[in-house]
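Here the structure is laid out as structure tokens; the discussion comes afterwards.
Counting convention: from 1, in listed order, for ligands and their atoms alike. The model shown is predicted, which means the values in this text are computed figures rather than measured ones. Residue numbers count from 1 along this sequence.
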Amino acid sequence: MPLDSMLTMMRHAKQGGYGLGYFEAWDAYSMEAVLEVAEEESSPIILGFGGMMLDSEWLDASGVELLGAIGSHYARKSRVPVSLILNEAQTLEQTLQGIDSGFNVVMLDTSAWEWDRAVEAVSELAKIAHERGVTVEAELGRLPDATTEGIDDTTAFLTDPSDAQSFIELTGADCLAVSIGNVHLLTAHDAPVNMNHLRAIHERVSIPLVIHGGTSFPAASVAEAIQYGVAKFNVGTTLKKTFTEAIRCEVADWSPNVDVHEILGSHKERDLMVVGKRAMKERVRELLCLYGSNGRA
Ligand code: 13P
């Protein structure tokens with residue numbers, strides 16, 4: 001299937017009163033997990049990879065190209081509507097490389113940049129991306145990160161509703177990730193999200209909104225978030241946690257004579273990555289159903 005425009009998919013989601021899931025993959029096994037669930041649940045899906053946790057030199061060498069090739073392969077064979085995002089790229093050059101490598105959505109993480117620099121880079125990106133039919137996600141405001149010591153909110157700030165309106169007008173971005181108390185990388189408890197703040201942004205910004213930090217976004221607030229303009233939830237940490245925990249349990253059962261050909265790279269039932277993938281699929285299914293995109297393909 002050819003790639004679908006994420007903006008169009010988001011508009012459908014808005015009309016249908018559901019959210020899209022972007023379940024961040026890191027390799028072919030994890031991307032297969034996401035796509036298989038989307039097909040089993042007849043759900044539109046956002047496939048993709050994120051740049052935030054990756055080595056920048058690796059990305060610049062040919063990492064973006066490799067990720068684009070893997071993503072394009074799976075997107076092409078999808079039986080449900082699909083967009084392919086390069087999420088949280090670290091530089092403008094990486095997003096441009098992403099467009100050349102087959103991603104039809106790009107997101108440059110400017111959340112820590114000064115206003116003028118961010119406006120300039122996202123405007124330039126939007127101009128180039130739109131000429132190529134590619135959607136641009138921007139972010140304004142900065143999420144706190146969860147650490148082993150707790151939540152580090154020293155540099156975090158909420159999205160200012162009127163700044164969000166100006167930012168969109170100045171840059172031409174197609175959708176906007178917002179900071180409303182949501183937290184990146186948090187698994188210990190739900191994030192303290194502020195739905196009144198989300199509503200205030202929604203009153204000023206008509207383009208679709210995006211929630212990052214999907215792992216700790218409270219399930220009980222999902223429906224309200226969709227009502228206030230959120231069309232996509234980004235999920236990462238819980239997927240890797242689920243994947244690695246399944247592998248940890250499997251490894252505990254190993255005998256010293258374990259067949260290494262069976263457990264590494266075989267793609268059979270006992271392949272460690274298949275063990276992780278099976279567990280990850282159920283977590284993706286749970287969240288995809290929570291967002292209500294099942295049965296919407
Ligand atoms: P979590 O890892 O907190 O789910 O956040 C993922 C994310 O926001 C990717 O953009």
Using 30° and 60° as the class boundaries, would you call the ring planes of Tyr228 and His202 parallel, tilted or perpendicular?
tilted

Does the pair Arg270/Glu262 count as a salt bridge with the N-to-O cut at 4.0 Å?
no

Does a side-chain N-to-carboxylate-O contact under 4.0 Å join Lys240 and Glu24?
no

Can you name the atoms of ligand 1, numbered from 1 with element, that are less than 4.0 Å from a heavy atom of His184?
3 (O), 5 (O), 7 (C), 8 (O)

Ligand 1 to Asn87, heavy atom cutoff 4.0 Å, flagged ligand atoms 9 (C), 10 (O)

Taking both backbone and side-chain atoms of [X], is any N or O found less than 3.5 Å from an N or O belonging to ligand 1?
{"X": "Thr237", "result": "yes"}
{"X": "Leu186", "result": "no"}
{"X": "Leu185", "result": "yes"}

Give me the nearest non-hydrogen protein atom to atom 8 (O) of ligand 1 as residue plus atom name, then the distance to 0.1 Å.
Gly213 N, 2.8 Å

Which residue and heavy atom of the protein sit nearest atom 1 (P) of ligand 1, plus the separation
Thr215 OG1, 3.5 Å

Are His267 and Tyr29 near enough that their ring centres are under 6.0 Å apart?
yes

Transitive ILVMFWY side-chain link Tyr22 to Val80, under 4.5 Å:
no

